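The next block holds one structure in the form of C-alpha cells; read it before the comments.
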Amino acid sequence: MAQRLAVADGGNKKTSRVRVAVRLRPYMDKQDEKGEGPCVRGLDSQNLEIINWRNATETVKYHFDVFHGEQTTQQQVFLSSVKPILPHILTGQNASVFAYGPTGAGKTHTMLGSSEKPGVIPRAVQEVFNLVKAKDEDEGWDYNIDMSYMEIYNEKVLDLLSPSAQDLPIREDKDKNIFIPGLTRTTISSFSDFDKHFVPASLNRTTASTKLNQRSSRSHAILLIKVVRTERSLPHRQQTGKLYLVDLAGSEDNRRTGNRGIRLKESGAINLSLFTLSKVVDSLNSGTAIRVPYRDSKLTRLLQDSLGGSAHSVMITNIAPEYKYYFDTFSALNFAAKSKLIVNKPFTRETVAVPVLPVKRTREDQEAGGSGN
Ligand code: ADP
Ligand code: MG
C-alpha cells in the first residue's frame, strides 16, 4: 500500500504539461468583400491579440509557450516545436504532436504540408532516421522502426494501411502500454520506404473523405512511428518509444456538438474524442488533475501512454486571421491559452481615427468662432 502511494506520487510529480504553440496562417481571404483585414495578430514570439467582439476598442491578449506568426516557415515550426522531443523516442519514451484548430486554419499544412513545403510529418520521420543513423555502433543497441497509420471516425478506430470497415479495439498491457491488436505495423528502413506506404494511405483517406461528406474535417488522422531498440549483448534489454503525429478533426465541430448532449448523440459522437482531448489537456495543464479522463474517448484512450505522464507532448493550435473564423479562433485560443488579458487599446488605429475626426472638427469650428450647431 505504502509502495503504491509512493509510486503514485512520483508519477504525479513527473506528469508533464502539454506544450502549447499557436500558429497563425497568412491572410488568404482575397474575396473578403468587406475588406475587413485580419482580426488577430501576433505581438511577439509568445503573445498575440485578437479584437474583442464585445468592444472593438479593446483587444484580448493571449500568452502561449510559443507563437508562430504568419511568416513562420515549415522548417521553423519543426525546429522549435517538434525536433527537440524526437531524441526521447530512441530511448524508450513516448511523444505526441497534435495539430488542433478549425477547418481551414492550417492543420494539414502544418502536419503534412506539400512537396514544396513539407510539414511536421515528413520532417520528423526523416529526423528519426537521421538520429538512428547517428547512433554510435559502440553503444550496443540495434534499432527497428515501424509505422502504423489509423483514423478515428465516429469513435471507430480504422486501419489506413489495410483499409476495412472494422473498428479495432484498444487494449492496455500489464505495464500500462496501450496497443491495438490487429493494427498493421509496417517495418520501414528509410524515408522513401515510409513515403511508399504513407502516401497511398493518405490518398485513401482523402478519397474517402470527399465521398463521406467532409470526413477529413471530422476524423482524426493518427500516424504512429515506433522505435524499438534491442541490446546486442545479454540480457538483450528492449525499449520501445512511440511517436504519435496527429492531424485532429476540425475544432469547430467540437463546440457545436460539445455543448449539447442530444446533438452529440445524434451526430454519432463525431467529436467526443476532440471534446475529451480538450478536457485531458486542460486537466494535465492545470496541474490540479485528480483524474485525467483518458478513458472517456477513443483518441485519448489510445494516447494515454503518450500524452502527459512521462511523455513529451506538443499541441500546435492553428488559427486563421479572417473575420469569418472569428468565433472559431476565439474558442481555439481560449482552449489553448494559459492566460488572457483584456487590453484597452484599439486593434487598428484606422478604425478609431474615423469616430475621432468629427469631434476634432467641431473643436476647430468652435475656435474659428463657428456655432457648431
Ligand atoms: P485544415 O487542415 O486545418 O483544414 P489546411 O491545412 O487545409 O487547413 O489549410 C487551409 C488552406 O490554407 C490550404 O490551402 C493551405 O495550403 C493554406 N495554408 C494553411 N497554413 C498555411 C501557411 N502557414 N502558409 C501558407 N498557406 C497555408
Ligand atoms: Mg485538414
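Whatever order the structure lists ligands and atoms in, that order sets their numbers, starting from 1. Predicted model only: the values in this text are computed from it and were never measured.
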* **Heavy atom of the protein closest to atom 7 (O) of ligand 1 (residue, atom name, distance)** => T108 CB, 4.3 Å
* Asked: Is the Mg ion (ligand 2) less than 2.8 Å from at least one N/O/S atom of S217?
  -> no
* Check whether any side-chain heavy atom of L223 sits under 4.5 Å from a side-chain heavy atom of D247, and report yes or no. => no
* **T103: numbered ligand 1 atoms lying under 4.0 Å from its heavy atoms** => 4 (O)
* Do any non-hydrogen protein atoms sit less than 4.0 Å from atom 21 (C) of ligand 1? -> yes
* With sequence neighbours left out, write down each residue that passes ring pair (Phe, Tyr, Trp, His ring centres under 6.0 Å) with F198, or none if nothing qualifies. => Y149, F194
* Looking at E70 and R25, does any basic side-chain N land under 4.0 Å from a carboxylate oxygen? -> no
* May I ask you to check whether G104 has an N/O atom sitting below 3.5 Å from an N/O atom of ligand 1? => yes
* Picking from T110, T108, T103, what satisfies side-chain hydrogen bond (donor to acceptor under 3.5 Å, both in side chains) with N318? -> T110
* Asked: What's the shortest heavy-atom distance between M150 and V157, and which atoms?
  -> SD-CG1, 4.3 Å
* For ligand 1, which part of P102 has a heavy atom less than 4.0 Å away: the side chain, the backbone, both, or neither? -> backbone
* Taking the six-membered ring for Trp, are Y100 and F335 parallel (under 30°), tilted (30 to 60°) or perpendicular (over 60°)? -> tilted
* By number and element, which atoms of ligand 1 are closer than 4.0 Å to a non-hydrogen atom of R23? -> 23 (N)
* In terms of side-chain geometry, is the basic nitrogen of E172 or R301 positioned less than 4.0 Å from the acidic oxygen of its partner? -> yes
* Minimum-distance protein heavy atom relative to atom 24 (N) of ligand 1 -> P26 CD, 3.4 Å
* Asked: With a 4.0 Å cut-off on heavy atoms, does N318 reach ligand 1?
  -> no
* Asked: Does atom 5 (P) of ligand 1 have any protein heavy atom closer than 4.0 Å?
  -> yes
* Exceeds 12 heavy-atom contacts within 6.0 angstrom, atom CZ of R54 -> no
* Asked: Quick one: nearest non-hydrogen protein atom to atom 11 (C) of ligand 1, plus distance?
  -> M28 CE, 3.7 Å
* To do: For atom 8 (O) of ligand 1, grab the closest protein heavy atom and report residue, atom and distance to one decimal in Å.
  => G106 N, 3.0 Å
* Report the distance from atom CG of D65 to atom CZ of R19, rounding to the nearest 0.5 Å. => 4.5 Å
* Using heavy-atom distances, let me know which of H68, E70, R25, K107 sits nearest atom 18 (N) of ligand 1. => R25
* Asked: Backbone or side chain, does any N or O of K117 fall under 3.5 Å from an N or O of ligand 1?
  -> no
* Would I316 and L112 show up in the same hydrophobic cluster when neighbours are defined by side-chain heavy atoms closer than 4.5 Å? -> yes
* Is A105 near ligand 1, meaning one of its heavy atoms is under 4.0 Å from it? -> yes
* Could you pull out, from Q74, H109, Q71, the option with a heavy atom nearest to atom 27 (C) of ligand 1? => H109
